[in-house]
Each structure stands twice: as structure tokens, then as C-alpha cells.
Amino acid sequence: MLRKSEFLKNTKIRIVLFIELALVLFGVLGLIFGKSGIISGIEDTEELLENGIDLDAGAYTLRLYYYTEDAQPGDFGINAENYGYKEVLANNVPIYPGITQRECDFILTCAVEDIMIELNLSEDVEVQGVELEANKGCYRVYILLVVLCSLLLDWLLMLWSYNRREGLSHEKQLVFFGIPALAFLSSLPILVDYNMVGADLIYHLMRIEALTQSILNGELFTRMHSAWLAGHGYASNFFYGDTFLALPALMRIIGFNLDSAYRIYVAAVNLATAIVAYISFSRCFKSKYIGMFGCALYTLAPYRIYNIYNRAAVGEYTAMIFLPLLVWGFYKIYTEDTEEKGYMWNWVIPVAGFSGIIQSHTLSCELAGGFVVLMCFLLWRKTFRRRTLTVLALVVVITAVVNAWFIVPFLDLLLSDSYYFGHNANVLIQGRGIYPAQIFYTLQAAGSSSRFNETGMLDTEPIGMGAALLLCIGAWAIMRAHMGKKRKRGELSSERRAELGAGDVIFVLCCIALFMSTNLFPWDRISGLGGILATMVGSLQFPTRITVAVTIFAVALACIAGKWLLEDGVRLKTETSSETGMFMSGKTALVLITVVSVIFTDYQVNDLLLTRGEFFRIYTSQNIGYSAVLGAEYLPEGADISHMSYHSPEVSEGVDISGYIKEGLSIQVYAVSSEEGYIDFPLLYYKGYSAENTDTGEMLNVSSGENYDVRVSLPEGFEGNISVKFSGMWYWHAAEALSVLTGAALILLGFLHARRKGGLK
């Protein structure tokens, strides 16, 4: 191994490290001495509006104070004439009745003269003041970028230095440079200064921004974000885990705009997918070459690229990071000798895989769980072995306990009320499945249509396994026939027989998944049976979602076929003393299939950039509004989204309030009731809200009021201060504690196990 002292002895490397340190210190000095705070107050409003202002490069917040009752009052922002490309990064921000303040964040990449405030307001709007504030977000962004670029450069220098002294094997070179290259290729569509409009993109950007604002407001552990629906709150993250969105939220807090934070997240997901895929397939099939082969096919899979850029299906493409872990984990469970030492630890990998999927996308977890159950039935003889059944039970129990902090509130809210996603039970989805022709649709263009029953394959979206995986299934079929003959002659080792059986099961599952993704599968008949089946079918929405299962099964088959080619080739080479032959043919076949995958993916991502008709640049997060809830699936039945605007509490006759203060999902108010009555607060009612008379400590009754506002009931003669907040249920917090304790125990157990094995000194 390369020693630190040897690395630092190189004069050129020391110069590079010195330059990196100097660049970081420059940013730190900016943080310490840079301009921040109010630079133009309300008292300067008239001068600012008439004459504008000269500003240095940096990050700023423009704050507008106003009053209006107009339903469409307009927007505001900044305007600078004759500025160059990317010198002013800003969007106009809409204002709303019911509140008296709005902010507009913007960035100047250089000094700009005569910045003017742009007010596109109706005559009904009364401007009460304008305020301009500088902040140090740009310095934080600069420091982070310098640190990340420095780490990347230092890593490359260490590889270069190590290669000069000791030499990197071809396998290590393939891994160290191949994984970043695959992540880079799959990230080409984000190497621009905008985001392509995906079907779900605005919703997920709102999820990121809502989480960001909750963290900044100290609401991190409320599990309900107040930025949604004009401060009413929305239970999106109860049904749709946002654990991994902490990364783009952190980028937003540091100072990146929403556009950049999202693109950073996509790049991180692509890199994580490549790393997890390589580790899973290389460990599963005990070959770095097969690991990189599977990594390339999976990372560049057309359906994964489609999920990222055509649909912006953040939950689904995040969940795809963890699917290779399920392949690895269950492959070990069903192919290893149950009496082998360490077999009972095989629950670890599936638990990690399922946990990642649960925290990313609930529906993906349901699909993965469904196919795992089907696999268990297909392999029932092995499933019901005592030790195997124990391991499977551990997978279920430990996954449930580790994720109890998410699962318990999710199920509690799901069962406590009716929501708009229940309407999906009546939706017939069979016509949304792919045509059989699309199975062989190899040239994955961008496309824009997935309503195949309405438009056929005209301008079809790239939904399918793609040319490379089709070739792999063909290669597996050929090798399967070859291995079948060898098995009849009794020439297969126990490892080969296990691989043969695993391949057969995976092929059956792949065919089932493929059939279920087409318009030939009787989805509408199943839905017509009603009950829970109709609900499950409706929640799927699009049969094409099952293509994710087709993809992971096809990649697993590709790895099995690739391993057979490589290892059988090695034996043939030894037996015949040939320097070429089957070994080179097998290796070349893998290279050619990988090249096909790279070329077709390159075509797909370039076609996306050239033909996608819509894109946008969001520099100012406030301009996305507050109601990007798509189909409002998690809105309680009976709630009207048009009511979700900024408004004051509504009281019944005989109730008076004063001193009303609302901060996020917390409200303070003084109330007097001459008769039995109530107060309806501008909060969307979900189970978990509580109200307390802070003068006496008495808890008040909370229920859903008019249009599902949070209603606090008051007895006759009530007088006192009321505190309303979303505090959750006691058993939710118990589940959180259980998950934390279990996670800590598992980490400690893993540490002790590794130490016993000698992995830790």
C-alpha cells in the first residue's frame, strides 16, 4: 500500500495540496469577513424602487412587505439591463393574499450596477416596504466545491502515485475508473444549466424545498412539513419517505439553488447505483469482471435512465440503488450450504436492501416484496429448510423493526382516514401496458408518450429492457442449453448446479414480470374483482413500472451467463493449452455487450437533450409555489385543495381570539368562549395534532373541521392561551426509539462479529 509519507514527499503533490488549502482559506475568509445582513432597509424603499442599487457578486434576499386582498396580485423580482450570461441568477416570485411578506432569493456572479426591483403587481396591492439582505451562501458553496474537487484530484493523484510505485492490476483499473465513468455517462443530461421537465419533477422539487424549510425552522422531527399548501402542511413524507432527500436539502441549506441541488442529487444517485451494483454483483458472483459487467448493464439500463429524466421519478430511481442488494442477498440465502459457517448472517444484505427501498419508494418495496414472495414459493423446497426459513424470518422481522419509525406512522395514518389515492382503485390500467413489440424495442429514443392505448407506439417513451439485456438473455439461453447437456453427463460442479437452478428461477421471474408489464396481462379483469385486489392494481397505476423487475432479473441472468463464459473459457484454455479460444471469445462477448449498452445509452441520453421539449431554470425556490402535489394523493377525502390558501382562523359564534401567531405548524392564540364553540385553524388535519391550554395544562379536543382544517373545540366559559402543534402519537415515538436502539445494537453486533473474524484489529 502507498504510505502517506511517500505520497507527501512528492514536491508537485505538496504544491497541489498547498494550492487546495489556500483556496479553502480564501473561502473561509469570505465567510468571516464577507458582507452579510441588511444592506437596504424598509426606510430606503422609495430610493431603491426609483434608482436601483449597485451590488457586488454574492447571494441576496429581496423581501417585499405588502397588503392585498386580490386573488391574483402578481409577482416581483429583480431586473438588470445589459447584464451578461449567468451574471444574474433569479426568477420572479408570486405573492399571495392572506400574508404580508414574500422573499426572493437571487445570486450575482459578478458585480452588477443599477439592479432594479421589478414589481408586476395589481392596482389592489399596497406596497409597504422593500428590504434587501446579503448572505454568505456563495462562500459556503465555494468552499464545498473546492473541497469536493480537491478530494477528487487527490484521489486521482494517489492512484497515479500508487500505479507508478506498485502498479494497479487491470481489474483494479477497471473498477477505479470504470465506476466513475459509468456514473458520468448516465449523468450527461444534468451537465447543463437547466433541468428537463419530467412528469413528477415539480412535486419532488417541492419535497426537497419543504424538507429544507423544515430543517431551517427547527421542524426536523415533526414528520409534517409546513411549506406545503400555504402553510397547511401535507403528509407527503409519511407516505413517501424523504430520508435520502436530506442530501439535496443540505445542499440548499449550504447555498445551492434548487436546480443545482437536484442535479447534484441525480449525480449522487448515479454514482451510488454504480457502486452498489458493482459490490453486489462482484460479491455475488465472485468476480470483479462480472461485477463491472453487471454494474454497466444496470447503471445504463434504459428504464433507469427513463425513470430519471423522462419521469423524474425520484422515489423509483432512488429505490433502484438497492435492488442489486436483494439479488446478492437472496442469491446467497438460496445457493449457499445452510450448514456453512456464517450462513445465519445472510439476513444482513436483504435487510439493507429492503430498508433502502422502504425509505425511497413504498410502491417499489411492494413490488420487490411481491416478487420475493413469489420466488420463495417457486423455491419452496429450499424455503422450508429450517435454517433458511429462520434467515427469511429474520429478514422480515429486522427490516420491520429497523424501519418501524417510518412504517408505524405510515400504517397508522393510512388506516385512520381515507385519501384521494383511494380513487386509483377504480382506474383500469391494462391499456397502459406495453405492446409485445416494445419488448424488442432496442433503440431507446427519448419519447414523450406512455398512453399506448391512446397513441400506440408513436413517440413512445423508452420503456423496455433494451438491446444489451436482450442480448444477455439470448446468451444465457445458449449457455443454459450447453450447461444442461453437461449436467446430464454429470460434469457440473455443485456450484454450477446452484447457478443453473438460480438462473432458471430468475428467468421464470423475468418472464412473469415481462408479461405483467404488457397490455396482455388481465389487469382489468383482476381490478373488476373489487376489494383489496382492485386497490392494489389501482395503486400500481402503470404496468410499465414492473419493468424495473424485468431489468434487475435480466441483469442477474446476464451475470450468470457472463460467469459461465469466463470460467468455462479458463478451463478450456487450460485443457487445450490454447492462448485464445473460448476464454477470449467469452471475454470479448462481455466487452461487446457492454459496448452495445454504452452506445445505446449514449444515444438515449443525447436524444433526451436534443428532443425534450420543455426545460426550466429554478434559481429562486420561492417561485415554485406551494401546491405542487400532483394528483393530491395524500389529501384526505373531503379536503378541497382550492381552500388551501393563506387565511386566518375561523371561529364559531361566541368565540373571540387575539394574539394569533403561526410559525410553521405551531400556533399560539388567546381565546375566549362565551358558549360552547370551536376554532378552525389553517392547518390540514391529520392524526397527530394536539391542542393544550398552556395556562392550565388541560388538553383540548382536536378534530377535522370545515374543509379538513384543524378544529379545536372549546367548552363554554373557556378563557386562556392555546398552543396547537403537530406532535404525533406516543407510539410513533416509541417506534422511533425502537428503530434507533435496534440500529445501534446491529452496528455493535456487526462490530463484534467482524472483530471475532479478525477483520478489525
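We use all heavy atoms of the structure for the numbers below, so side chains are in, but hydrogens, waters and symmetry mates are not. By convention here, the first residue in the shown sequence is residue 1.
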Problem - Flag if over 12 foreign heavy atoms under 6.0 Å of CE, Met729 - result: yes
Handout entry: Lys687 side chain to Tyr689 backbone, donor-acceptor under 3.5 Å
Key = no
Exercise for the section: State, to 0.1 Å, how close Ala437 and Met457 come at their nearest heavy-atom pair, and which atoms those are. Expected result: CB-SD, 4.0 Å
Practice task
For the pair Ser527 (side chain) and Asp524 (backbone), establish whether a donor and an acceptor sit closer than 3.5 Å, ignoring hydrogens and angles.
Solution key: no
Problem - Any Val629 side-chain heavy atom under 4.5 Å of Leu635 side chain - result: no
Exercise for the section: Check the pair Phe238, Tyr419 against ring-ring contact (aromatic ring centres under 6.0 Å, His included), reporting the backbone distance first and the verdict last. Expected result: CA-CA 13 Å; Phe238 276 87; Tyr419 304 92; over 10 Å; no
Practice task
Measure the OG1-OH distance between Thr68 and Tyr96 for me, rounded to the nearest 0.5 Å.
Solution key: 13.5 Å
Problem - Contact check, side chains of Phe239 and Glu633, non-hydrogen atoms, under 4.5 Å - result: no
Problem - Between CG on residue Leu683 and OG on residue Ser666, distance to nearest 0.5 Å - result: 9.0 Å
Exercise for the section: Report yes if some heavy atom in the side chain of Val269 is under 4.5 Å from a heavy atom in the side chain of Phe244; otherwise report no. Expected result: no
Problem - Tyr626 ring center within less than 6.0 Å of Tyr646 ring center - result: yes
Handout entry: Listed once per pair and sorted, the side-chain hydrogen bond (donor to acceptor under 3.5 Å, both in side chains) pairs that draw on residues 354-373, sequence neighbours left out
Key = Thr243-Gln359, Ser355-Asn403, Gln359-Asn403, His361-Ser364
Exercise for the section: Quick one: sort the Tyr708 and Tyr685 rings into parallel, tilted or perpendicular, breaks at 30° and 60°. Expected result: tilted
Handout entry: More than 12 heavy atoms from other groups under 6.0 Å of CD on Glu663
Key = no
Practice task
Classify the angle between the aromatic ring planes of Tyr203 and Trp228 as parallel (below 30°), tilted (30 to 60°) or perpendicular (above 60°).
Solution key: tilted
Exercise for the section: Check whether any side-chain N or O of Glu706 sits under 3.5 Å from a backbone N or O of Asp680 as a donor-acceptor pair, and report yes or no. Expected result: no
Exercise for the section: For the residue pair Phe521 and Phe515, categorise the inter-ring angle as parallel (less than 30°), tilted (30 to 60°) or perpendicular (more than 60°). Expected result: perpendicular
Problem - Glu637 and Asp417: CA distance, side-chain angles, deciding distance, side-chain contact (heavy atoms from CB on, under 4.5 Å) verdict - result: CA-CA 8 Å; Glu637 286 273 15; Asp417 211 334; 5.6 Å; no
Practice task
State whether a side-chain donor-acceptor pair under 3.5 Å links Arg304 with Thr551.
Solution key: no
Handout entry: Leu201 CG to Ile308 CD1 distance, which is reported to the nearest 0.5 Å
Key = 12.5 Å
Practice task
Step through the shown structure and confirm whether more than 12 heavy atoms of other residues, nucleotides or ligands are within 6.0 Å of CD on Glu103.
Solution key: yes
Exercise for the section: For the pair Arg311 and Glu316, find out whether any cationic side-chain nitrogen is under 4.0 Å from an anionic carboxylate oxygen. Expected result: yes
Exercise for the section: Run the numbers on Phe542 and Ile463 for side-chain contact (heavy atoms from CB on, under 4.5 Å), then give the verdict. Expected result: CA-CA 11 Å; Phe542 300 94; Ile463 303 173; over 6 Å; no
Practice task
Give the ring-plane orientation class for Phe410 versus Phe406, where under 30° counts as parallel, over 60° as perpendicular and anything between as tilted.
Solution key: parallel
Problem - Residue pair Asn237 / Leu211, side-chain heavy-atom distance below 4.5 Å - result: no
Handout entry: Separation of Ile305 CD1 from Thr601 OG1 (nearest 0.5 Å)
Key = 6.0 Å
Handout entry: Close side-chain approach of Val314 and Tyr265, heavy atoms under 4.5 Å
Key = yes
Handout entry: Exam field: side chain Asn701 to backbone Val712, donor-acceptor pair closer than 3.5 Å
Key = no
Practice task
Using modelled atom types only, decide if a donor and an acceptor are shared between the side chain of Asn217 and the backbone of Gln213 within a distance under 3.5 Å.
Solution key: yes
Practice task
Taking all heavy atoms of Ser539 and all of Leu363, pick out the closest pair and write down the distance.
Solution key: O-CD2, 3.6 Å
Exercise for the section: For Asn91 and Tyr619, indicate whether the former's side chain and the latter's backbone hold a donor-acceptor pair under 3.5 Å. Expected result: yes
Handout entry: NZ/Lys725: more than 12 non-hydrogen atoms of other groups inside 6.0 Å
Key = no
Handout entry: Gap between atom OG of Ser236 and atom CE of Met224 - 0.5 Å precision
Key = 10.0 Å
Practice task
Please round to the nearest 0.5 Å and tell me the distance separating atom OH of Tyr441 and atom OH of Tyr435.
Solution key: 14.5 Å
Practice task
Flag the pair Arg617 and Asp193 as a salt bridge only when some basic side-chain nitrogen lies within less than 4.0 angstrom of an acidic carboxylate oxygen.
Solution key: yes
Practice task
Check step by step if ring-ring contact (aromatic ring centres under 6.0 Å, His included) holds for Phe371 and Phe330.
Solution key: CA-CA 12 Å; Phe371 277 103; Phe330 285 104; over 10 Å; no
Exercise for the section: Report yes or no: does Thr399 contribute a side-chain atom to a donor-acceptor pair with the main-chain N or O of Val396 at less than 3.5 Å? Expected result: no
Practice task
Give the intermediate values and the outcome of side-chain contact (heavy atoms from CB on, under 4.5 Å) for residues Leu540 and Arg545.
Solution key: CA-CA 8 Å; Leu540 183 61; Arg545 279 180 161 152; 4.2 Å; yes
Exercise for the section: Considering non-hydrogen atoms only, spot the tightest contact between Phe322 and Ala352 and give its length. Expected result: CD2-O, 4.3 Å
Practice task
Could you tell me whether the side chain of Leu326 reaches within less than 4.5 Å of the side chain of Ile357, counting heavy atoms only?
Solution key: yes
Practice task
Without swapping roles, check the side chain of His225 against the backbone of Glu209 for a donor-acceptor pair under 3.5 Å.
Solution key: no
Exercise for the section: Take Trp523 and Met516, measure what side-chain contact (heavy atoms from CB on, under 4.5 Å) needs, and give me the verdict at the end. Expected result: CA-CA 8 Å; Trp523 290 111; Met516 293 175 71; 3.6 Å; yes
Handout entry: Heavy-atom pair with the smallest gap, counting every atom of His643 and Asp709
Key = NE2-OD2, 3.1 Å
Practice task
Measure the shortest side-chain to side-chain distance between Ile439 and Ile434 over non-hydrogen atoms and say whether it is less than 4.5 angstrom.
Solution key: yes
Problem - Non-hydrogen side-chain atoms of Tyr298 and Leu323 separated by less than 4.5 Å - result: yes
Handout entry: Any pair counted as salt bridge (Lys or Arg N to Asp or Glu O under 4.0 Å), so long as it reaches residues 424-435, sequence neighbours left out
Key = none
Problem - For the student: nearest non-hydrogen atoms of Phe354 and Gly369, plus distance - result: CE2-N, 4.1 Å
Exercise for the section: Just say parallel, tilted or perpendicular for the rings of Tyr634 and Tyr240, cut-offs at 30° and 60°. Expected result: perpendicular
Handout entry: Check: Leu514 main-chain N/O paired with Ser517 side-chain donor or acceptor under 3.5 Å
Key = yes
Problem - Whether over 12 other heavy atoms sit under 6.0 Å from Gln72 CD - result: no
Handout entry: Val93 versus Cys104, closest heavy-atom pair with distance
Key = CG2-CB, 3.7 Å
Exercise for the section: Check whether any side-chain N or O of Ser739 sits under 3.5 Å from a backbone N or O of Val401 as a donor-acceptor pair, and report yes or no. Expected result: yes
Practice task
Go through the side-chain N and O atoms of Tyr303 and Thr544 and say whether any donor and acceptor fall under 3.5 Å apart.
Solution key: no
